[in-house]
There are 2 protein chains.
Amino acid sequence: MTSSRQGDLFDPLCPTRQVLDRIGTKWTSMVIKVLAEAAPEEVRFGELRRRIPGISQKMLSSTLQSLVRDGLIARRVEPTVPPRVHYRLTELGLSLETPLAALRAWAETHVSTLLRNNRLAEQLAPHTQGEESPARS
Amino acid sequence: MTSSRQGDLFDPLCPTRQVLDRIGTKWTSMVIKVLAEAAPEEVRFGELRRRIPGISQKMLSSTLQSLVRDGLIARRVEPTVPPRVHYRLTELGLSLETPLAALRAWAETHVSTLLRNNRLAEQLAPHTQGEESPARS
DNA sequence: CTGTATCCAAGTAGATACTG
DNA sequence: CAGTATCTACTTGGATACAG
């Protein structure tokens with residue numbers, strides 16, 4: 001748990017924030033997911049790009065760099081011309097996949113409820129306000 | 001604003017992204033954590049603010065609104081003067097706490113490695129190119 | 001093929017002031 | 001007490017061009 005005090009969950013000392021700041025960015029979770037599905041096989045840059053529709057070279061590049069810096073994925077360069085670069089999850093990255101999979105499971109189960117709640121709140125509460133939330137459970 | 005079209009064009013929108021977009025924002029995870037620790041007790045606005053150092057009224061307010069809209073937390077107003085507003089996790093919110101706790105556990109275990117990896121990468125690779133990742137496993 | 005560099009649009013968060 | 005309104009700074013992400 002937290003080190004010293006419960007009320008003190010702020011600052012760069014809050015691990016959850018650190019982690020969420022990393023995996024919460026737009027493309028990170030998708031990159032990890034693709035690499036996790038491919039594991040233990042490596043995936044090349046262009047292949048990642050193809051498997052993540054909509055991502056730009058810049059974002060894929062910077063996302064991969066962050067993850068490499070964190071030690072979550074490993075980068076291997078074939079010294080050919082032109083070069084081929086391969087990525088794979090490290091052990092650390094694979095270990096993250098476990099709680100991430102749990103979150104994914106929750107997401108797939110409940111995202112429809114979440115979206116429905118939003119729609120309901122949007123429809124029937126532009127200025128009117130009930131006290132209860134749309135749907136729980 | 002959120003004038004979302006329903007076609008959802010280039011993305012077979014993954015639920016995980018939807019969820020991460022919500023809990024990945026700066027203060028959301030902290031609000032959920034505080035409410036989860038207090039559960040099943042309710043927490044008032046000012047109390048939340050006190051327990052989350054650094055958060056502004058505006059951010060707390062908008063964060064809470066998002067979570068209420070999602071149905072993750074419930075809002076109860078005491079019709080007094082001045083009013084007292086109480087927040088608590090809904091069943092849905094509590095169910096999210098489970099995978100979130102798993103992520104928290106991972107974070108607390110591995111965040112030091114993550115940060116160390118970053119420091120190492122920063123030190124020994126400003127422009128020099130090693131092909132090796134700092135620490136895996 | 002795998003990146004980097006630049007510029008720009010959009011979203012997110014902070015400070016401050018004001019209200020029922 | 002519990003918000004809202006506004007204005008601004010910072011950050012993120014996208015488009016494009018170019019390089020090793």
Side-chain angles (χ1 to χ4, degrees), chain A residues 10-12 17-18 20-31 42-69 73-88 125-127 129 131, chain B residues 1-4 9-11 13 17-18 20-31 35 42-69 73-88 125-131:
Chain A
F10 185 53
D11 280 339
R17 261 277 307 280
Q18 294 288 324
L20 280 175
D21 279 349
R22 287 151 205 278
I23 68 172
T25 57
K26 183 160 188 180
W27 301 105
T28 310
S29 60
M30 285 194 229
V31 170
E42 297 175 313
V43 184
R44 289 178 56 187
F45 186 91
E47 179 65 15
L48 278 168
R49 202 185 167 192
R50 256 174 272 125
R51 293 202 203 175
I52 306 174
I55 197 170
S56 63
Q57 282 140 341
K58 177 197 165 187
M59 288 316 297
L60 180 53
S61 186
S62 64
T63 301
L64 287 169
Q65 281 176 9
S66 293
L67 292 169
V68 168
R69 267 174 50 111
I73 66 178
R75 181 180 187 267
R76 183 174 67 86
V77 184
E78 272 188 80
T80 56
V81 178
R84 297 176 198 176
V85 186
H86 306 258
Y87 294 93
R88 64 171 174 83
H127 56 289
Q129 194 146 38
E131 78 167 52
Chain B
M1 297 293 276
T2 45
S3 52
S4 47
L9 350 93
F10 57 99
D11 217 323
L13 218 37
R17 260 285 304 284
Q18 296 285 327
L20 281 175
D21 280 350
R22 290 171 156 78
I23 67 173
T25 55
K26 183 159 188 179
W27 301 104
T28 310
S29 61
M30 284 193 240
V31 170
L35 289 177
E42 297 175 314
V43 184
R44 289 176 57 185
F45 186 91
E47 179 65 14
L48 278 167
R49 201 184 168 194
R50 231 179 19 81
R51 293 202 203 175
I52 307 175
I55 197 170
S56 63
Q57 282 140 344
K58 177 197 164 189
M59 288 317 297
L60 180 55
S61 185
S62 63
T63 301
L64 287 169
Q65 282 176 7
S66 293
L67 291 169
V68 168
R69 266 173 51 109
I73 69 179
R75 180 181 188 267
R76 183 173 68 85
V77 183
E78 271 189 82
T80 57
V81 178
R84 297 176 198 177
V85 186
H86 306 258
Y87 295 93
R88 63 171 173 81
H127 56 289
T128 351
Q129 221 286 331
E131 69 188 39

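The structure presented is a predicted model; accordingly, all values stated were derived computationally and were not measured. Below, chains carry the letters A, B, ... as their sequence lines are ordered, and counting in each starts from 1.
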Less than 4.0 angstrom between a side-chain N/O of B:Lys26 and OP1 or OP2 of C:dG14, yes or no? yes
Identify whether any heavy atom of B:Arg49 sits under 4.0 Å from a base atom; if not, whether one sits that close to sugar-phosphate; answer base, sugar-phosphate or nothing. nothing
The nucleotide from D:dG14, C:dG3, C:dA13 with an atom nearest the side chain of A:Trp27 is D:dG14
Tell me, with the steps shown, if B:Met30 and B:Arg51 meet side chain to side chain contact (heavy atoms under 4.5 Å, CB included). CA-CA 9 Å; B:Met30 284 193 240; B:Arg51 293 202 203 175; over 6 Å; no
Can you tell which of D:dG3, D:dG14, C:dC1 lies closest to the side chain of A:Met59? D:dG14
Nearest to the side chain of A:Val85, which nucleotide is it out of D:dA2, C:dT2, D:dG14? C:dT2
For atom CG of B:Asp21 and atom C1' of C:dA13, their distance in whole Å: 16 Å
Does the B:Arg84 side chain pair with the main chain of B:Thr80, one donor and one acceptor, at a distance under 3.5 Å? no
Pick base, sugar-phosphate or nothing for A:Thr25, based on heavy-atom distances below 4.0 Å to the nucleic acid. sugar-phosphate
For A:Arg49, all residues meeting salt bridge (Lys or Arg N to Asp or Glu O under 4.0 Å), sequence neighbours excluded: none
Separation of C:dA13 P from B:Met30 CE (nearest whole Å): 11 Å
Residue pairs fulfilling side chain to side chain donor-acceptor pair (under 3.5 Å) with at least one residue in residues 57-67 of chain B, sequence neighbours excluded: none
Show, in sequence, the C-alpha distance, side-chain angles and deciding distance for B:Val43 and B:Tyr87, and conclude whether the side chain to side chain contact (heavy atoms under 4.5 Å, CB included) test is met. CA-CA 5 Å; B:Val43 184; B:Tyr87 295 93; 5.5 Å; no
State whether B:Arg44 places a side-chain N or O below 4.0 Å from either non-bridging phosphate oxygen (OP1 or OP2) of D:dA2. yes
Nearest-angstrom distance from the residue atom CG of A:Leu48 to P of C:dG3: 10 Å
Nucleotide N/O of nucleotides 4-8 of chain C paired with protein N/O under 3.5 Å:
{"residue": "C:dT4", "atom": "OP1", "partner": "A:Gln65", "partner atom": "NE2", "Å": "2.7"}
{"residue": "C:dT4", "atom": "OP2", "partner": "A:Ser61", "partner atom": "OG", "Å": "3.0"}
{"residue": "C:dT4", "atom": "OP2", "partner": "A:Gln65", "partner atom": "NE2", "Å": "2.8"}

At under 4.0 Å, does any side-chain N or O of B:Arg22 touch on OP1 or OP2 of C:dT12? no
Double-helix bend of the helix from C:dC1-D:dG20 to C:dG20-D:dC1, axes at both ends from 5 pairs, round to 10°, gives 50°
Those residues that, when tested against A:Thr28, pass side-chain hydrogen bond (donor to acceptor under 3.5 Å, both in side chains) (two or more places apart): A:Thr25
From CG of B:Leu60 over to P of D:dT4, roughly how many Å is that when rounded to an integer? 11 Å
Has A:Arg84 got a side-chain N or O lying under 4.0 Å from the OP1 or OP2 atom of C:dT2? no
Picking from C:dC1, C:dT2, C:dA13, the nucleotide nearest the side-chain atoms of A:Pro82 would be C:dC1
What is the distance, rounded to the nearest whole Å, between atom CZ of B:Phe45 and atom P of C:dG20? 18 Å
Would you mind reading off the distance between B:Ile52 atom CD1 and D:dA2 atom P, rounded to a whole angstrom? 13 Å
Where do A:Arg17 and B:Lys26 land on the side chain to side chain contact (heavy atoms under 4.5 Å, CB included) test, with the steps shown first? CA-CA 8 Å; A:Arg17 261 277 307 280; B:Lys26 183 159 188 179; 3.8 Å; yes
By side-chain hydrogen bond (donor to acceptor under 3.5 Å, both in side chains), A:Arg50 pairs with (sequence neighbours left out) A:Glu47
Contact between A:Leu64 and A:Leu48 at the side-chain level, heavy atoms closer than 4.5 Å - yes or no? yes
Whole Å only: how far is the CD1 atom of B:Ile55 from the P atom of C:dT12? 15 Å
Step-by-step side chain to side chain contact (heavy atoms under 4.5 Å, CB included) determination, B:Ser29 to B:Ile23: CA-CA 6 Å; B:Ser29 61; B:Ile23 67 173; 5.5 Å; no
Tell me whether the side-chain N/O atoms of B:Tyr87 come closer than 4.0 Å to OP1 or OP2 in D:dC1. no
When rounded to whole Å, the CD1 to P distance for the pair B:Ile73 and D:dA2 reads 14 Å
